[in-house]
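Just so you know, these numbers use all the heavy atoms, side chains as well, and skip hydrogens, waters and symmetry mates. Not measured: the values here are computed from a predicted model.
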Amino acid sequence: MRKRRVLRSALIALGAGIVAAVALFAVAWALTPIPEAAQKQAVAQGSVIYYRDGKTVLAKQGVNRKTVKLERVPKHVRDAVIAAENRSFYQDTGVSLRGTARAIWSTVTGKQVQGGSTITQQMVRNYYSGLDQERSIGRKFKEIMVALKVDQSKSKDWVLQQYLNTIYFGRGAWGVQAASQAYFGKDVDKLSIAQGAYLAAVIQQPTRYAAPKGEVLTEVTGRWRWVLGAMAQMRAITPEEAAEQRFPKLSATKSTLTPKGQDNFMLVQVRAELARRGYDDEDINQAGLKVTTTFDKGLMAAAEKAVTSTLPDSLPKKIRTGLAAVDPATGEVLAFYGGRYKTSQQYDTAFSAKVQAGSTFKPYALAAALENGYGLETRVNGNSPMTVASRPVENSGGTSYGMVNLVTATRNSINTAFVDLGEKVGLDKVAEVAKASGLPAAQIDPHKSAATFPIGVASLSAVQQASGFGTFAANGMHQEAHVIRSVTDADGRTTEVVPTARRAFSEQAAADATYAMTQVVEGGTGSAARLWDRPVAGKTGTADKSIAAWFAGFTPQLSTTVNMFRDDNKPVVVPGYGEMYGGALPARIWRAFMTEAMEGQPVKEFPDPSNRGYAEDYGDEEDQYWDEGESDDDYPRRPEPTDTPPTEPTTPEPTVGPTEEPTEPPTSEEPPGPEETRGPDPQSPDELPSDGPAPLFGDRT
């Protein structure tokens, strides 16, 4: 009797629970209408890229989408998507109870929410307003209610059409038509079974599968085969058709950016840095970001003008020129010239091209010496030739200078003096200063045991050298070079990029090295770069056999580097100028740019060197050598003896160090992209800057 009462009570409770659930469902059903408007993601919300003033638009990055009718989508493409995402699409009620239960359980237990949504649920979530991407039980329940109502009020074909036009496929492509063009260069109605199956496969992880290589390629190939198998199980295709499919050839990834020229080069760097900061394609193309770059519109124009107006019309096509300007106080790349624009796939000459630094590397050896107990009065051996590790090192024309101080060695750019200095200080210390000044270890370490390391056998980019020389201008503090000032999301939250200062060497070492470099400009190899209204410090450089010519210099407010090189790694010879050296066209381009860049800026002085006015006059011994017109890199040189090795050997014996080969530019007239030929992106710090002093250089727009 008692058991019957318990059973009856249980049944009553169960019935009451069912009635309550039904009532609750009815209330929820009545209170959850189908939203009337599409959400922003479904109608596109691109990002805007600004110049450094935060007002002038550099580019707009919209959503790449073209809506198509369902009948334009081949049946085998539709079947592939259904097989991959929701095989029961045409039979179910718009909701997967099993998948929903799994997702809710994952949410309740605190685990990552798993998949399981039907095509209808995904469409509802992506298309309608009021159903955001928040992972919560409340949002999931609302999604289910709307999906059930949509399934009752809309046709399955309408739902599938909206889904195929709103889903993201990677490569900046929203919707199946844009995806077809992005991956295969054809309209959706021309897709094969294999191609349709690939697009269905990438829906799961669109960014990861956009340009698969290595392990990711293996992974997506497996996913693609699984889609074909699912299509066969659905009887959309036969097992034989599934077996005979071959993995489709994907079109080369194309940038979604449309600007050309220097604008394109800027945007390539912006996208690369955004990716390093954790923003993926979806964020850039649909998250409504406001990205403020470091680029100054006026200075960008000045950089291009300085190069194009200074170079002669007879310049051979294979000769390339790069220019980069960096704010020493912040590390912001204010301007650059990336070369003559031909295609969006070519490398730029400021960030991507890396060529032998030549004598512009010598200031790092000078700073290392000054940081480790040596002074500007230190005497080093400037005689030529000098034998080191069984290899002769010569000065240009074989000139011997005797024992010289470090100012004279820098002013006349004496090779043997800097090789001797490197031996005294220690090449490892030179490498430490170079890396602390922002030069990547991957480009420095392979050369650091070579006796010729201090005279510039490592290859660098113009941006890297502008950043490195900025360390001297900033009194020994280095700021990581970067091209983004801030990122503001669609909700108005702004993330500022404030770089962290790293001390590379002491203020006094910076002051003394800077003084030596002012002598290069005031009366040495870089006199063509002199600005008559303000102090300038800098260094010329001509790589071995004149395969590259440089001028790197700075004022207290701005560090700028110019280089010239050839695609085929041959000597840079310009009609009317002959074999190029750093004190010629590179210095003149530098001066043309800096004259405009510094216009209206306050005149600031460099700090005094050690013992200035109290000890040795560092300039006493210079004139006797300067009158001879000799240096290792910049004034027209006497012919070198044919039976002597080059001034700056690039392949030392094993006893000196590793093989010293410069990074060769590509040999084709149309250079390939930077990632293929130029190594890693030069502005790819593992840890991005986070704090530092305020900018010293004003906007020029």
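For Ala365, the side-chain contact (heavy atoms from CB on, under 4.5 Å) partners are Phe418, Val430, Pro454, not counting sequence neighbours. The salt bridge (Lys or Arg N to Asp or Glu O under 4.0 Å) search around Lys435 returns Asp445, not counting sequence neighbours. In this structure Asn475 satisfies the side-chain contact (heavy atoms from CB on, under 4.5 Å) test together with Glu507, Pro607, sequence neighbours excluded. Take Arg534 and apply the salt bridge (Lys or Arg N to Asp or Glu O under 4.0 Å) test, not counting sequence neighbours, and it matches no residue. With sequence neighbours left out, the salt bridge (Lys or Arg N to Asp or Glu O under 4.0 Å) criterion links Arg208 to Glu219. Remark: Phe551 pairs with Trp590 by the ring-ring contact (aromatic ring centres under 6.0 Å, His included) rule, at least two apart or across chains. Legend: residues meeting side-chain hydrogen bond (donor to acceptor under 3.5 Å, both in side chains) with Ser506, ordered by chain and number and at least two apart, are Glu371. Legend: residues meeting side-chain hydrogen bond (donor to acceptor under 3.5 Å, both in side chains) with Gln177, ordered by chain and number and at least two apart, are Asp187. Ala357 is linked by a side-chain contact (heavy atoms from CB on, under 4.5 Å) to Thr360, Phe361, Leu460, Gln465, counting only residues two or more places apart in sequence or in another chain. Taking the side-chain hydrogen bond (donor to acceptor under 3.5 Å, both in side chains) definition, one finds that Asp280 meets it with nothing, sequence neighbours left out. Partners of Thr488 according to the side-chain hydrogen bond (donor to acceptor under 3.5 Å, both in side chains) rule, which considers only residues two or more places apart in sequence or in another chain, are Thr494. Listed by chain and residue number, Val68, Val73, Val77, Leu164, Phe169, Val188, Leu199 satisfy the side-chain contact (heavy atoms from CB on, under 4.5 Å) test with Val176 (two or more places apart in sequence, or in another chain).
Using a 30° and 60° split on the angle between ring planes, Phe472 and Phe505 fall in the tilted class, from 30° to 60°.
Look at Arg276 and Glu273 and you find a salt bridge, because one of the NZ, NE, NH1 or NH2 atoms lies within 4.0 Å of a carboxylate O, short of that distance.
A side-chain hydrogen bond (donor to acceptor under 3.5 Å, both in side chains) with Ser467 is found for exactly one of His478, Gln479, Glu480, namely His478.
Using a 4.5 Å heavy-atom cutoff, the side chains of Gln443 and Ser459 are not in contact. Put simply, the side chain of Thr293 does not reach to within 4.5 Å of the side chain of Val483, judged on heavy atoms.
The CG atom of Asp533 sits 8.0 Å away from the CE atom of Met598 when rounded to the nearest 0.5 Å. The distance from the NZ atom of Lys297 to the CG atom of Leu58 is 9.0 Å, given to the nearest 0.5 Å. The CZ atom of Arg277 lies 14.0 Å from the CG atom of Asp283; values are rounded to the nearest 0.5 Å. Annotation: the span from Asn165 atom CG to Trp174 atom CH2 amounts to 12.5 Å, rounded to 0.5 Å. For the atom pair CG (Leu311) and CZ (Arg588), the distance works out to 11.5 Å, reported to the nearest 0.5 Å. Put simply, OH on Tyr279 and CG on Asp489 are 7.5 Å apart, with the number rounded to the nearest 0.5 Å.
Using modelled atom types, one side-chain atom of Arg485 and one backbone atom of Arg52 make a donor-acceptor pair closer than 3.5 Å. The backbone N or O of Val326 lies less than 3.5 Å from no partner atom in the side chain of Ser559, so there is not a single donor-acceptor pair. Proximity of a side-chain donor or acceptor of Thr349 to a complementary backbone N or O of Gly338 within less than 3.5 Å is detected. The main-chain N or O of Pro602 is found under 3.5 Å from a side-chain atom of Gln557 such that the two form a donor-acceptor pair. Without hydrogens or angle criteria, Thr294 side chain to Val333 main chain gives a donor-acceptor distance under 3.5 Å.
The two residues Ala466 and Ala324 make their nearest non-hydrogen contact at CB-O, 3.6 Å. The shortest heavy-atom contact between Ala303 and Leu323 is CB-CD2, 3.7 Å. Taking all atoms of both residues into account, the shortest heavy-atom contact from Thr310 to Ala592 is OG1-CB, 4.0 Å.
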| Checking ring-ring contact (aromatic ring centres under 6.0 Å, His included) for the pair Phe554/Phe606: CA distance, chi angles, key distance, verdict? | CA-CA 10 Å; Phe554 55 93; Phe606 292 122; 5.6 Å; yes
Using ring-ring contact (aromatic ring centres under 6.0 Å, His included), reason through Tyr337 and Phe265 one step at a time and then give a plain yes or no. CA-CA 9 Å; Tyr337 175 74; Phe265 291 144; 8.2 Å; no
